[in-house]
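Below is one structure, written out as structure tokens; comments come after it.
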Amino acid sequence: MKKILLIILSGVSLVACKQDFTNPGAIGDTDAFSTPRGLAGVAVGLQNVYSNGRLSPVYNGITAAGALTNEFRLMNAGNTDELQLFTGGAVVDNLNGIVGNMWTWNNKIIYDADNVITGANKLGDKTYASGLLAYASIFKAMSIGNLAMFFEQIPAAPGTQTAPAAFQSRADGFRRAVTTLRAAQTALGANPPSAAFFANVPTSVTPAFFNNTINALIARYSLFAGDYAGALTAANLVDLNYGGAILGYDAIVTNPIFTTATATNNVYQILDSTLGLPTALAPDLNDQRIAFYTAINPTIQPRYRIKGFFNAATQAIPVYLPDEIRLIKAECYVKQAAPNLTAAVAEIDAVRTQLPSADPFGVGGGLTAYSGTVSSAALTDEIYRQRCIELCMSGMRLEDNRRLGRPVSERRRTFFPYPSRERDNNPNTPADPAN
């Protein structure tokens, strides 16, 4: 397995790279991408790269979204990359490490996921192949989604030395993520994964994991692409009592936010009980989710500390929360061509009134039902408020802030610039957004 993971970590071929580096001790591409166990090892490596350490999309997505939308307070200005994000605007430059890591590692995961999918399609055992397709497709789709949340345009496919990547709009990126996931659903439906496949992946990967995670992600990215009908259909297929869609950690591969930020108190911390929301949308202090996501230190500053899913080295991080699905439904009901505001309020109330004990992950507001104005504009604001509280530190707040029409003053930057490493090697790289 260690040799298989070297393929992921050594960078066989990155988007727009001009050099290829070969590790003589690593298992070769032919073996890794042509045998069932080799493909399973690379697929497990995708999850490792996606979720492990300060370079990972998990760390950089949560950090960037939180810094740019006021979820966090910076603890140490000596962390230059984070300082740039907390400053925002043009200070976030093309050499910023978080920007570069978001670009490089998400694109690398997409590249290796494509290789797993290609290799799986060549296997004779279709019941093993379908599991590989689904597992790789989930990480490919999430990586495409991450790029589309932070960049105005993204590569339409991995490039090569002789054919640098062409670019597509972020909306097309979200649609591409959905297409990837639907192809995985088709493969699973035709050939349910075998016991042999499940024996070679983390124990959290089960048929229920595939079914619920894929539908949840289709709902998420369909919503982001403006396909409300598709998002609503997929959301209705998610089991809201299922709590197995997680990225797991252990004593060796630790929760990257806990290890880097929570435990050190030297990078950033949660802002305070407002979770960085403006006064008009600030959480009710009786909201039980505040105590879930924040801890109070009575003696050492800052008073408010990160808690939630980032409170221990081995704490798992959910891929999605059940109440994200309810809020997707609410937004679809408000934004569809013929709004159904009554149905939207019902979904919002299900989120507001849920007790922590009724949620698979223990996240619940325990509030009274919504009593505000029932209009599209008012409910859009309430959906944003509930998403910011429920999905605190999920890495999606910047996307939500733009999509739900919040003022530009509520974010420090709207899109990332393109990393210098891409611009220097790819003539197709678009101009940087102004902000």
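Below, all heavy atoms of this structure are taken into account, side chains as well, without hydrogens, waters or symmetry copies.
Sorted by first and then second residue, the side-chain hydrogen bond (donor to acceptor under 3.5 Å, both in side chains) pairs with a member in residues 233-253 read N236-K329; sequence neighbours excluded.
A donor-acceptor contact shorter than 3.5 Å links the side chain of T262 to the backbone of F310. With hydrogens and angles ignored, the 3.5 Å screen pairs a side-chain donor or acceptor of D227 with a backbone N or O of G230. Side-chain atoms of D400 never come within 3.5 Å of backbone atoms of C388 as a donor-acceptor pair (strictly under, hydrogens ignored). Side-chain N or O atoms of Q269 include none that pairs as donor or acceptor with a backbone N or O of R73 at under 3.5 Å. Looking at R397, its side chain never comes within 3.5 Å of a backbone N or O of S394 through a donor-acceptor pair. Of the possible polar contacts, none joining the R412 side chain to the L68 backbone as a donor-acceptor pair under 3.5 Å is found. No donor-acceptor distance shorter than 3.5 angstrom exists from the side chain of Q386 to the backbone of D349, with no hydrogens or angles considered. Within the 3.5 Å criterion, the main-chain N or O of V253 finds no donor-acceptor partner in the side chain of N52. Not one N or O on the side chain of N76 forms a donor-acceptor pair closer than 3.5 Å with the backbone of V267. The backbone N or O of T414 sits less than 3.5 Å from a side-chain atom of R402, completing a donor-acceptor pair.
Here the closest heavy-atom approach between residue I138 and residue L181 is recorded as CA-CD2, 4.2 Å. The nearest pair of heavy atoms linking D93 to L95 is OD1-N, 2.9 Å. The heavy-atom pair separating T294 from K307 by the smallest distance is O-CD, 3.6 Å. Between A282 and R385, the shortest heavy-atom contact is O-NH1, 3.2 Å. Heavy atoms only, all atoms of each residue included: M396 and L391 are closest at CE-CD1, 3.8 Å. Closest of all the heavy-atom pairs between G365 and D287 is CA-OD1, 3.3 Å.
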(message) Is there a side chain to side chain contact (heavy atoms under 4.5 Å, CB included) between T380 and Y384? Walk through the geometry before answering.
(response) CA-CA 6 Å; T380 296; Y384 179 69; 5.8 Å; no

(message) With side chain to side chain contact (heavy atoms under 4.5 Å, CB included) as the criterion, how do K140 and I117 come out once you've worked through the C-alpha distance, each side chain's angles and the decisive distance to 0.1 Å?
(response) CA-CA 10 Å; K140 176 181 177 180; I117 292 167; 4.2 Å; yes

(request) For the pair R305 and I300, evaluate side chain to side chain contact (heavy atoms under 4.5 Å, CB included) and give the outcome as yes or no after the intermediate values. (result) CA-CA 10 Å; R305 303 295 182 92; I300 302 173; 3.5 Å; yes

(request) Test side chain to side chain contact (heavy atoms under 4.5 Å, CB included) on R170 and F224 and set out the steps. (result) CA-CA 9 Å; R170 54 191 299 272; F224 292 174; over 6 Å; no

(message) Assess the residue pair N215 and Q185 against the criterion (side-chain hydrogen bond (donor to acceptor under 3.5 Å, both in side chains)); give the C-alpha distance rounded to whole Å, side-chain angles, the decisive distance to 0.1 Å, and a yes or no.
(response) CA-CA 9 Å; N215 278 311; Q185 278 186 325; 2.9 Å; yes

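A distance of 10.0 Å separates OG1 of T274 from CD1 of I389, quoted to the nearest 0.5 Å. Taken to the nearest 0.5 Å, the OG1 atom of T118 stands 9.0 Å off from the CG atom of L133. Residue T87 holds its OG1 atom at 8.0 Å from CG of L74, rounded to the nearest 0.5 Å. The structure places CG of D284 at 7.5 Å from CZ of R352, a figure rounded to the nearest 0.5 Å. Residue E347 holds its CD atom at 5.5 Å from OH of Y333, rounded to the nearest 0.5 Å. Separating the CD1 atom in I218 from the OG1 atom in T213 is a distance of 11.0 Å, to the nearest 0.5 Å.
Aromatic ring pairs are classed by plane angle as parallel below 30°, tilted from 30° to 60° and perpendicular above 60°; the pair F197 and Y135 is perpendicular. Taking the six-membered ring for Trp and thresholds of 30 and 60 degrees, Y268 and F86 have ring planes inclined between 30 and 60 degrees apart.
By the 4.5 Å heavy-atom criterion applied to side chains, N212 and Y320 are counted as neighbours. Within the 4.5 Å cutoff, side-chain heavy atoms of L367 are placed close to those of R289. For the pair P158/N107, no side-chain contact is recorded, criterion being any heavy-atom separation below 4.5 Å from C-beta on. Looking only at side-chain heavy atoms (C-beta outward), P419 and N101 stay at 4.5 Å or farther from each other. Considering only heavy atoms from C-beta on, M75 stays 4.5 Å or farther from E82 through its side chain. F309 has its side chain within reach of V363: a pair of non-hydrogen atoms, C-beta onward, lies under 4.5 Å apart. With a 4.5 Å cut-off on side-chain heavy atoms, E71 and I62 do not count as touching. Between F361 and I246 the shortest side-chain heavy-atom distance falls below 4.5 Å.
With respect to K335, the side chain to side chain contact (heavy atoms under 4.5 Å, CB included) criterion is satisfied by exactly one of L379, L223, L404: L404.
Ring centers of Y304 and F72: at least 6.0 Å apart, outside the cut-off.
Ion pairing between a basic and an acidic side chain is recognised when a charged N comes within 4.0 Å of a carboxylate O; E399 and R220 show no such pairing. With salt bridges taken as basic N to acidic carboxylate O contacts below 4.0 Å, one links R326 and D323. Between D272 and R303, none of the side-chain N atoms (NZ, or NE/NH1/NH2) sits under 4.0 Å from a carboxylate O, so this pair counts as no salt bridge. A salt bridge links D381 with R406: the closest approach of a Lys/Arg side-chain nitrogen to an acidic carboxylate oxygen falls below 4.0 angstrom.
For the side chain to side chain donor-acceptor pair (under 3.5 Å) test, residues two or more places apart in sequence or in another chain that qualify with S169 are D172. Annotation: side chain to side chain donor-acceptor pair (under 3.5 Å) contacts of T254 (sequence neighbours excluded): T259.
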